[in-house]
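From a predicted model like this one, the values you see are computed outputs, not experimental measurements.
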Amino acid sequence: QVQLVESGGGLVKPGGSLRLSCAASGFTFSDYYMNWIRQAPGKGLEWVSYISSSGSYTNYADSVKGRFTISRDNARNSLYLQMNSLRAEDTAVYYCARDVLPYSSSSMFDPWGQGTLVTVSS
Amino acid sequence: QSALTQPASVSGSPGQSITISCTGTSSDVGGYNYVSWYQQHPGKAPKLMIYEVSNRPSGVSNRFSGSKSGNTASLTISGLQAEDEADYYCSSYTSRSTPAVFGGGTQLTVL
């Protein structure tokens, strides 16, 4: 079945770095744009970043631009998010999510991974 | 403040129908048919319930339906069941700098 599994979350100090991973299975990973979406504790959903199916195009929310870098390895069916200069306001559950439509950024997401919690605190 | 506006909460009794609205602008909901709805139970990941305004993914109950009029999209749940109690989020493609915007979420209580 189609599945996404995130890993790499944890506790990090302000200004620190963390790298999240998302392992995909059950579909042709290289056909789909992939996204990172986050949810701060008790808050709503916030789109963070996407990467095109080939990895050639990326886009970021203004809140993370210049600090976060999305990447993918289609040979390994894996998605990554390198997070630098972390701030307290980056504390959230981070979900990876596949775009619904192949070869496009439709901003509709299915499926979602189970999420990985990132806590930025001293 | 979220880009799309949803009511904070709605409630209904088992068997009843409820509708959740999602209001945006011509730059998002009103301009594109890439509107989607997600159900999220506490501690769980969001689940896609409706995509492209009114399409249901395989496995989603036909009690869930979506529509759009102008800049407002709506999710209707008919024949409410206890298991429908959850948070619901709308999302839309947008022509602004970030391609996806979400609503603030609506907490559905089944009385």
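A continuous path of Ile, Leu, Val, Met, Phe, Trp and Tyr side chains, each step under 4.5 Å between heavy atoms, connects B:Val29 with B:Ile20, placing both in one hydrophobic cluster. Cluster annotation: A:Val93 is not connected to A:Val118 through the hydrophobic network of ILVMFWY side chains, with a link wherever side-chain heavy atoms come within less than 4.5 Å. B:Val110 and B:Leu75 fall within a single hydrophobic cluster, where Ile, Leu, Val, Met, Phe, Trp and Tyr are joined by side-chain heavy atoms under 4.5 Å apart, directly or via other members. Cluster annotation: A:Val2 and B:Val60 are assigned to distinct hydrophobic clusters (Ile/Leu/Val/Met/Phe/Trp/Tyr, side-chain heavy-atom contacts under 4.5 Å, transitive). In the hydrophobic clustering of ILVMFWY residues, with side-chain heavy atoms under 4.5 Å counting as a link, A:Ile37 and A:Met108 come out together.
Contact annotation for residues 9-29 of chain A against chain B (heavy-atom separation below 4.5 Å): no residues qualify.
Contact of B:Val101 with chain A is not made at all, since no heavy-atom distance falls under 4.5 Å.
Closest non-hydrogen pair, B:Leu48 versus A:Phe109, comes out as CB-O, 3.7 Å.
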Report every donor-acceptor pair between chain A and chain B with a separation under 3.5 Å, backbone and side chains included.
{"unit_1": "A:Gln39", "atom_1": "OE1", "unit_2": "B:Gln40", "atom_2": "NE2", "d": "2.8"}
{"unit_1": "A:Gln39", "atom_1": "NE2", "unit_2": "B:Gln40", "atom_2": "OE1", "d": "3.0"}
{"unit_1": "A:Gln39", "atom_1": "NE2", "unit_2": "B:Tyr89", "atom_2": "OH", "d": "3.2"}
{"unit_1": "A:Tyr95", "atom_1": "OH", "unit_2": "B:Gln40", "atom_2": "NE2", "d": "3.3"}
{"unit_1": "A:Ser107", "atom_1": "OG", "unit_2": "B:Pro99", "atom_2": "O", "d": "2.7"}
{"unit_1": "A:Phe109", "atom_1": "N", "unit_2": "B:Tyr38", "atom_2": "OH", "d": "2.8"}

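For A:Arg76, the salt bridge (charged side-chain N to carboxylate O under 4.0 Å, His left out) partners at least two apart in sequence or on another chain are A:Asp73.
Listed by first then second residue, pairs satisfying disulfide (SG to SG under 2.5 Å) with a partner in residues 11-111 of chain B read B:Cys22-B:Cys90, not counting sequence neighbours.
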